[in-house]
Amino acid sequence: MVHPVPIPEIHAVPRRARRTDRTNVGTQERIVSTIGGGMLVAFGLARRSLGGILMALLGGSLLERGITGHCRGYSVLGISTREGPEPSPALGVERSLGPVEAAAERLSRIERSITVARPIHEVYAFVRNLQNIPRFATHVERVDDLGGGRIRVLERGAHAHAWELEIAEERPEKALVLRHAGEPSAQLSILFTEAPYGRGTEIEAVLDLDHERGGAFILMRALSVLAGEDPDLLVRHDMRRLKMLLEAGEIISVEGQSSGREPEISRLVD
Amino acid sequence: MRALCYNGVGHVSVERVPDPQLLGPRDAIVRVTMSSVCGSDLHILDGYVPTMKRGDILGHEFIGEVVDVATDVKTLKPGMKVVVGSIIACGHCYYCQTEQYSLCDNSNPCAEITEKAWGYTTAGIYGYSHAMGGFAGSHAEYIRVPFADVNAFEVPEGLPDDKVVFVSDAVPTGYMGADMCNITPGDVVAVWGAGGVGQMAIESAYLLGAGRVICIDRFPERLAMARDKAGAEILNYEEVDVREALREMTGGRGPDACIDAVGMEAHGTGIDYAYDRVKQAVRLETDRPNVLRQAILACRKGGTVSIMGVYGGFIDKFPMGAAMNKGLTLRMGQQHGQKYIPRLLAHIQKGELDPSYLITHRMRLEEGQQAYDMFKKKTDGCMRAVFLPAA
C-alpha cells in the first residue's frame with residue numbers, strides 16, 4: 001500500500017543515486033583479504049579441478065572485497081568493520097531497515113527529470129489536458145475524465161487493463177499528483193519548475209510503487225527489466241517523447257523507412 | 001529505388017529497396033544528385049562502429065532536389081536544389097537554439113543507446129548506425145530528410161553540385177575546426193590530416209585570418225593537394241619528426257592552434273602506435289589517439305587544440321600533464337552544419353572557396369565496393385569518390 005506521499009521536492013537527490021557499496025571493511029582486514037584472496041585464486045587455478053575452481057571463486061570474492069572495501073556479506077548482515085566515524089546517512093531512512101527492505105525501498109521510487117524549452121504555463125497546460133497523455137505515453141491508449149477528480153486510464157495493446165486513478169493534488173505550474181488506491185497501489189507526482197535563465201521548464205516524474213512485500217517487489221522489478229518493461233526506462237522514454245512533442249512538434253522515428261533488409265518485391269522478378 | 005547498403009565489415013552492396021515515404025509532418029523527400037564517401041564511413045566499414053545492421057543504407061554527405069514536402073514544411077518547395085547537413089537537428093531544443101546543432105536533443109529515435117554510452121544523447125546522423133538513430137543514408141536515389149526546414153538549405157542559383165556537395169559535411173567540419181581555434185590574424189595553425197576535412201580546415205583557417213597553415217600527413221598526393229590547392233606548408237610524418245619540425249618552423253614557439261582532422265583510426269610510426277594497435281585488437285582500447293597526443297605535445301603554450309576527428313570510446317596514455325601545464329584549450333565536437341552552411345555557401349558564391357577539387361572519382365552506386373576500397377587505401381590518387389545515384 002502506498003500511503004499518500006507528500007509532494008516530493010523537485011531537486012532532491014534521487015533514491016536510485018544512493019550508493020549501496022559504501023566501504024564497510026577495515027583497512028587491515030582489506031589487506032589480508034586481498035592477499036589471501038589473491039593466493040587462493042592462484043592456488044585454485046593451479047589445481048585445475050572442480051575444487052580448484054571453487055577455491056578460485058572464493059578467492060576472487062575475497063580479492064574483490066579487499067580491493068573495493070565493500071563486503072556484500074557484511075552489508076546483508078548489517079556489520080561494518082570500518083574504522084573511524086560512520087558516515088552520516090544522507091537520507092537517513094535506510095538505517096533502520098534490513099537489507100531487503102532497504103533495496104526494495106530504493107527501487108520503489110522512480111524519478112526522472114527532463115528540461116523542455118517551452119514556458120511553464122504551456123507545459124503545464126499540455127500535461128494537465130489529459131487527452132494529450134496518449135500522444136507521448138507509449139502504454140496509454142486513452143484517458144477519460146470521470147468527473148469528481150477521478151480519471152480512467154486505458155492501456156494500449158491486446159491485454160489492455162483500465163486503471164482508475166484519482167487526482168490527489170493539483171497545483172497549477174507546480175505539481176500534479178495522481179494516485180491509484182486499489183491493488184497495486186501507486187502514486188505518480190509530476191512536478192514542474194522554471195528552468196534557469198529562460199531555458200524553459202523542468203519536469204520531474206516521481207513514481208512511487210507499492211513495495212510492502214519487499215522481496216516479491218524486487219523480484220517483480222527484476223523480471224520486468226528482463227522482459228524489457230523496466231518502469232524506469234519507460235518513464236524516461238515517455239518523458240523524452242513529451243519533450244520532443246513540445247519542442248520539435250513531432251516524435252522522431254525511423255519506423256517505415258527504407259533499408260536493404262526488406263528488398264522490393266520486384267527483386268524476385270529481376 | 002537502388003541503395004548502397006552495409007553488408008558486413010568491409011562489404012557494401014547495392015540493393016533494390018522501397019522508395020522513402022514522408023513519415024512525419026516536418027519531412028521532405030530529396031532526390032539525391034550526388035553523395036560523397038567520407039572518412040568517418042571507414043570507421044563503419046572497418047568495424048569500429050557498433051549497432052550497424054546488414055542492409056543499413058550508407059552515406060551522409062549529399063546534395064539533391066526536393067521532390068516532396070510534408071504539411072509543416074514551409075521554406076522548401078518541390079524542384080528546389082538543396083544541400084542537406086549530415087547531422088540532423090530539430091531546430092527548437094536548447095542546443096539548436098544556441099547553434100550547437102550536433103547536440104540536438106530531439107533528433108535521435110534510439111536515444112537510449114548513446115545515453116547509455118555517453119550519459120546523454122546526441123543528434124541523429126544519416127547512415128551512421130542505430131546508435132545515431134538508424135536513419136537511412138544518402139547513397140541512394142532518394143532520401144527522407146526529417147525537420148527539413150532546419151536541415152535542408154537552398155543552393156544559390158548557378159552553383160554546380162561539385163562545388164556544393166561538401167557543404168553537407170566536410171566543409172563545415174573543417175570550418176568549425178578552424179573556427180574553434182579562435183584565430184588571431186597572423187596565427188600559425190597546424191592541421192593533422194590531408195583528407196577532405198583536413199583540406200577544408202586549411203582553407204577555412206586562411207579564410208578566418210591565419211597567417212600560415214602547416215599540414216601533416218603521409219600520403220604524398222594528398223600533401224601535394226594541400227600545398228597546391230589549399231596553400232599549406234606540408235610535413236610528411238614518415239620522413240620528418242613533426243614536433244621538432246613544428247618547433248623550428250614557428251620560431252621556437254609551436255603552432256598557435258592545432259586541428260585534429262584524423263580521429264580514432266590514426267596512424268603513427270612509433271612504439272605508441274604499435275601499443276595502440278595491439279590494445280585495440282584485443283579490445284582493451286577502442287580508439288587510437290596518436291594524432292591527439294602529437295597535437296597536444298606540439299601545440300604552443302596557451303594554444304588551442306581543436307578536435308574534429310571522430311572518436312567513439314576510450315583512449316590510453318593521454319598527455320594530460322602536458323595539456324594542463326601548458327594551459328591548453330581543448331575544443332571539440334561533431335560539426336554544427338546548420339550554423340555554418342549559410343556563410344559557407346556565401347563564400348563559395350563569391351568565389352572565395354571552391355571545394356570541388358576534392359572530387360577525384362565519380363562512380364555509380366554499383367561501383368560502391370571499389371569506391372570504398374580505393375578510398376580506404378588511397379589508391380589511384382583518390383581523395384573523395386562521389387556517387388551519382390541516377391547513373
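To find a chain, count down the sequence lines: A is the first, B the second, and so on, and within it residues start at 1. These numbers were taken from a predicted model, which means no experiment stands behind them.
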| What part of B:N7 gets closer than 4.5 Å to chain A, counting heavy atoms only: side chain, backbone, both or neither? | neither
| field | Engaged part of B:S13 at the chain A interface, taking heavy atoms whose separation is under 4.5 Å | value | neither
| task | Just give me the residue among A:M244, A:E250, A:E255 that pairs up with chain B most often, heavy atom to heavy atom, under 4.5 Å. | result | A:E250
| request: Tell me, with the steps shown, if A:V254 and B:R144 meet side-chain contact (heavy atoms from CB on, under 4.5 Å). | output: CA-CA 10 Å; A:V254 289; B:R144 165 221 176 199; 4.2 Å; yes
| Other residues, nucleotides, ligands: >12 heavy atoms within 6.0 Å of A:R156 CZ | yes
| query | Would you say B:M363 has more than 12 foreign heavy atoms packed within less than 6.0 Å of its CE? | reply | yes
| request: Determine the option with the most heavy-atom pairs under 4.5 angstrom with chain A, choosing from B:C110, B:A111, B:P146. | output: B:A111
| query | Once you round to the nearest 0.5 Å, how far does CD1 of B:I88 lie from CD1 of A:I252? | reply | 6.5 Å
| query | A:R236 versus chain B, heavy atoms under 4.5 Å apart: side chain, backbone, both or neither? | reply | side chain
| query | Are A:R261 and B:D56 ion-paired here, with the side-chain N under 4.0 Å from a carboxylate O? | reply | yes
| Should we say atom CZ of A:R142 is surrounded by more than 12 heavy atoms from elsewhere, each under 6.0 Å from it? | no
| task | Report, as yes or no, whether the 6.0 Å neighbourhood of atom CZ on A:R16 holds more than 12 heavy atoms from other residues, nucleotides or ligands. | result | yes
| With chain B, which of A:H237, A:R118, A:K243 has the greatest number of heavy-atom pairs at distances under 4.5 Å? | A:K243
| Proximity breakdown for B:F147 and chain A, heavy-atom pairs closer than 4.5 Å | side chain
| field | Among B:C104, B:S107, B:C90, residue most engaged with chain A (heavy-atom pairs, under 4.5 Å) | value | B:S107
| query | Which pair of heavy atoms, one from A:S258 and one from B:I57, lies closest together, and at what distance? | reply | O-CD1, 3.7 Å
| task | Could you tell me the separation between the CD1 atom of A:I114 and the CG atom of B:D105, rounded to the nearest 0.5 Å? | result | 7.5 Å
| Side chain, backbone, both or neither: which part of B:A3 has an atom under 4.5 Å from a heavy atom of chain A? | neither
| Proximity breakdown for B:E112 and chain A, heavy-atom pairs closer than 4.5 Å | both
| Most contacts with chain A, counted as non-hydrogen pairs under 4.5 angstrom, among B:A140, B:G124, B:G137, B:G134 | B:G134
| field | Closest contact, heavy atoms only, B:P18 versus A:S259 | value | CD-O, 4.4 Å
| field | Crowding at CZ, A:R72 (>12 non-hydrogen neighbours, <6.0 Å) | value | no
| request: Tell me, yes or no, whether the heavy-atom count around A:K174 atom NZ, taken from other residues, nucleotides or ligands under 6.0 Å, exceeds 12. | output: no
| Based on non-hydrogen pairs under 4.5 Å, which of B:Q97, B:Q21, B:R26 is most in contact with chain A? | B:R26
| task | Would you give the length of the straight line joining atom CD of A:E247 to atom OH of B:Y94, rounded to the nearest 0.5 angstrom? | result | 12.0 Å
